[in-house]
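Comments concern the structure below.
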Amino acid sequence: MLRALEERDVRFVRLWFTDVLGSLKSVAVAPAELEGAFAEGIGFDGSAIEGFARVYEADMLAKPDPSTFQILPWRGDGPATARMFCDIVMPDGSQSYADPRFVLKRTLTKATDQGFTFYTHPEIEFYLFKDRPRDGSEPEPVDRSGYFDHTSQSSGHDFRREAITMLESMGISVEFSHHEGGPGQQEIDLRYADALATADNVMTFRVVIKEVALSQGIHASFMPKPFTQFPGSAMHTHLSLFEGDNNAFFEVGAEYHLSKTGRSFIAGLLHHAAEITAVTNQWVNSYKRLAGGGEAPSYVCWGHNNRSALVRVPMYKPTKGASTRVELRSIDSAANPYLAFAVMLAAGMKGIEESYELPPGAEDDVWSLTEAERRSMGIAPLPQNLHDAIAVMERSELVAETLGEHVFDFFLRNKRAEWEEYRQQVTEFERARMLPVL
């Protein structure tokens, strides 16, 4: 890597990490400082970062992970700028329990100890607007196209081509891309990788998308539900466990070719779904998407190729047992991927460890059923808003153990504050509905 710095004329290296809420943080260092950074880390004030430390324990160190070294392609043709993700450590060299990347690594280690490697494959949706929205007004999308539409000279085509080229130049493989259901809404699917690499890729993806948008004079947003009448932006994530080279979810001759391990993993996701929802859907706006119907799940159930279900088992392709997987459809594209992947894995692993029984699948459109029909089928709702999600999460031993005390407590405090501020707001809906008549 140090040779690459010299060969590529790299003058600046950006060290990246995220706070507890998933916001990207960055500090630039000169190449000459990197050997010291690898050995000792780069010091910073942890008390200034959301959820990292209190004032009296502020000193922290960012230690770069050389395996994540990549040139930033949007920095132009002059002297290059590179980036590396960092692990956060304390002055005594111990891992920081406030580091979301460490939360995921710790959870992955537990799975590794049981012989499993966790792979994820996200389908990331987002909107493109003609300009950055101002003062809460409704944004204007870059087009009026719909799902899979192919429109000549579409700005979406040009955008996706440039974004994918930039992602692949950074070693991030893209599987599919297309226009989504909302006007200006796009989807780009990343190829499957181990969960830590995928989480790093998601963070890089968001930066690339926003940089490409700015270069084209438009604005990209991962807000879960920017429009009332159009679909929200999800990050449907396909999950699989491997034991060595073998897919632990695949079994020849089983129903849907789904092994007992795979069935118990799904059962774990369903059993703990409400508890992990505050992490996979962490913003007040996230619940506008989940309440919006369509393909956004609001109920805890699974189904074979059923896109209204919370967990979907995609159709098995003959001769492709290694691709057997399950898809969690609740998570949105604004979640902190490190924490979200950690709780998703923990829920599935709990199902395996405790041999949870998988309930019957739902093959009907769950949205079209009546409340009575859903109750009779044992289909419970997901939390209806952030307040409800917080209330379930704070009673969850699984989430507390997975996130660790520090992240768990800060996350709950921050989300309670967000809910309190949100519920005090007087909305445009209330003014339009009530001012004329009350």
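In what follows, every heavy atom counts, from backbone to side chain, and hydrogens, waters and symmetry copies are set aside. Remember, predicted model here, so these are calculated numbers, not experimental data.
By the 6.0 Å contact criterion, CD on E430 is enclosed, its count of non-hydrogen atoms from other residues, nucleotides or ligands being greater than 12. In E357, the CD atom is not crowded: 12 or fewer heavy atoms of neighbouring residues, nucleotides or ligands sit closer than 6.0 Å. By the neighbour-count criterion of 12 heavy atoms within 6.0 Å, atom CD of E420 is densely surrounded, having more than that number from other residues, nucleotides or ligands. The local environment of CZ in F12 is sparse, with at most 12 non-hydrogen atoms from other residues, nucleotides or ligands closer than 6.0 Å. For D245, the CG atom is loosely surrounded, since the number of other residues' heavy atoms within 6.0 Å does not exceed 12. More than 12 heavy atoms of other residues, nucleotides or ligands sit less than 6.0 Å from atom CD of Q229. Under a cut-off of 6.0 angstrom, the local environment of NZ in K350 is sparse, with at most 12 non-hydrogen atoms contributed by other residues, nucleotides or ligands.
Here the side chains of T198 and D194 are not in contact, with every heavy-atom distance at 4.5 Å or above. Contact of the L328 side chain with the M344 side chain is registered, since non-hydrogen atoms from C-beta on lie closer than 4.5 Å. At a threshold of 4.5 Å between non-hydrogen side-chain atoms, the residues V300 and I379 do not count as touching. Residues H179 and R160 form a side-chain contact, since some pair of their non-hydrogen atoms from C-beta on lies under 4.5 Å apart. Residues F250 and S259 form no side-chain contact, since every pair of their non-hydrogen atoms from C-beta on lies 4.5 Å or further apart. The closest side-chain heavy-atom distance from V89 to S96 is not below 4.5 Å. Residues V326 and R312 form no side-chain contact, since every pair of their non-hydrogen atoms from C-beta on lies 4.5 Å or further apart. Between I42 and L61, every side-chain heavy-atom pair lies at or beyond the 4.5 Å cut-off.
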Requested in this report: Dump the intermediate steps for salt bridge (charged side-chain N to carboxylate O under 4.0 Å, His left out) on K105 and D99, then the final yes or no.
Outcome: CA-CA 10 Å; K105 290 174 78 171; D99 179 12; over 6 Å; no
Requested in this report: Go through the steps to decide whether W302 and L269 satisfy the test side-chain contact (heavy atoms from CB on, under 4.5 Å), and finish with yes or no.
Outcome: CA-CA 10 Å; W302 74 281; L269 287 174; over 6 Å; no
**Report entry** Verdict with supporting geometry, T112 and T117, side-chain contact (heavy atoms from CB on, under 4.5 Å)
**Finding:** CA-CA 6 Å; T112 301; T117 305; 5.6 Å; no
Requested in this report: Just do the ring-ring contact (aromatic ring centres under 6.0 Å, His included) check on H271 and Y356 with the steps written out, would you?
Outcome: CA-CA 8 Å; H271 185 84; Y356 289 175; 4.7 Å; yes
Report task. Begin with the C-alpha distance, continue with both residues' side-chain angles, and end with the deciding distance and a verdict on side-chain contact (heavy atoms from CB on, under 4.5 Å) for M393 and L412. Result -> CA-CA 8 Å; M393 174 180 158; L412 286 172; 4.0 Å; yes
Requested in this report: With side-chain contact (heavy atoms from CB on, under 4.5 Å) as the test, would you mind laying out the steps for T18 and S23 before giving the verdict?
Outcome: CA-CA 5 Å; T18 65; S23 298; over 6 Å; no
Below 3.5 Å, can you tabulate the donor-acceptor pairs from side chains in residues 330-343 to any protein atom, sequence neighbours excluded?
{"from": "D332", "atom 1": "OD1", "to": "A334", "atom 2": "N", "distance (Å)": "3.1"}
{"from": "D332", "atom 1": "OD1", "to": "A335", "atom 2": "N", "distance (Å)": "3.4"}
{"from": "D332", "atom 1": "OD2", "to": "N281", "atom 2": "ND2", "distance (Å)": "3.4"}
{"from": "D332", "atom 1": "OD2", "to": "S286", "atom 2": "OG", "distance (Å)": "2.7"}
{"from": "S333", "atom 1": "OG", "to": "E125", "atom 2": "O", "distance (Å)": "2.9"}
{"from": "N336", "atom 1": "OD1", "to": "Y338", "atom 2": "N", "distance (Å)": "3.1"}
{"from": "N336", "atom 1": "ND2", "to": "D19", "atom 2": "O", "distance (Å)": "3.4"}
{"from": "N336", "atom 1": "ND2", "to": "V20", "atom 2": "O", "distance (Å)": "2.9"}
{"from": "Y338", "atom 1": "OH", "to": "D200", "atom 2": "OD1", "distance (Å)": "2.5"}

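Side-chain contact of Q114 with E353: a donor-acceptor pair under 3.5 Å is present, judged by distance alone.
Between the side chain of T107 and the backbone N or O of V103, at least one donor-acceptor pair lies under 3.5 Å. A donor-acceptor pair under 3.5 Å is formed between the side chain of D92 and the backbone N or O of S94. A donor-acceptor pair is defined here as one N or O able to donate and one able to accept, closer than 3.5 Å; such a pair exists between the side chain of E418 and the backbone of V284. A donor-acceptor pair under 3.5 Å links the side-chain atoms of R106 to the main chain of T402, judged by distance alone. With hydrogens and angles ignored, the 3.5 Å screen pairs a side-chain donor or acceptor of T277 with a backbone N or O of A273. Between the R263 side chain and the P359 main chain, no donor and acceptor come within less than 3.5 Å of each other. Of the possible donor and acceptor atoms, one in the side chain of K415 sits under 3.5 Å from a partner among the backbone N and O of Q282. Checking side-chain atoms of S233 against main-chain N and O of F222 turns up no donor-acceptor pair under 3.5 Å. A donor-acceptor pair under 3.5 Å is absent between the side-chain atoms of R289 and the main chain of N285, judged by distance alone. With hydrogens and angles disregarded, no donor-acceptor distance shorter than 3.5 Å links the side chain of E211 to the backbone of V208.
Judged as a ring pair (Phe, Tyr, Trp, His ring centres under 6.0 Å), and not counting sequence neighbours, Y287 has no contacts.
When all heavy atoms are compared, the tightest approach of V366 to C301 is CG2-SG, 3.5 Å. What you find for K210 and S221 is that their closest heavy atoms are NZ-CA, 4.3 Å. Of all heavy-atom pairs spanning H238 and E123, the tightest one is NE2-OE2, 2.9 Å. Summarising the geometry of P381 relative to Y299, their closest heavy-atom pair is CA-CD2, 3.7 Å, with the distance given to 0.1 Å. For F227 against P139, the heavy-atom pair with the smallest separation is CE2-O, 3.4 Å. Nearest heavy atoms, V10 versus V13: CG1-CG2, 3.9 Å.
Salt-bridge formation is detected for the pair E394/R416: a Lys NZ or Arg NE/NH1/NH2 atom is positioned less than 4.0 Å from an Asp or Glu carboxylate oxygen.
Of the options E327, R325, E175, a side chain to side chain donor-acceptor pair (under 3.5 Å) to H121 is made by E175 and by none of the others.
Between F69 atom CZ and I71 atom CD1 the span is 4.0 Å, to the nearest 0.5 Å. How far CD of E40 is from CD of E33: 11.0 Å, rounded to the nearest 0.5 Å. Put simply, OG1 on T204 and CD1 on I172 are 4.5 Å apart, with the number rounded to the nearest 0.5 Å. One distance of note links CG of L15 with CG of L34; it measures 6.5 Å at 0.5 Å rounding. Once rounded to the nearest 0.5 Å, the distance linking SG of C86 with CZ of R101 reads 8.5 Å. Rounding to the nearest 0.5 Å places OG1 of T120 at 8.5 Å from CE of M235.
For F17 and F44, the gap between ring centers is short of 6.0 Å. Aromatic pair Y422/H387: centroids not less than 6.0 angstrom apart. Ring centroid separation for the pair F242 and F116 does not come in under the 6.0 Å cut-off.
Remark: K288 fails to qualify as a cation-pi partner of W283 under the 6.0 Å distance and 45° angle criteria applied to the six-membered ring.
Between F265 and F249, the ring planes are tilted. Angles from 30° to 60° get that label. Between F126 and F205, the angle of the ring planes goes over 60°, which puts this pair in the perpendicular group of the 30/60° scheme.
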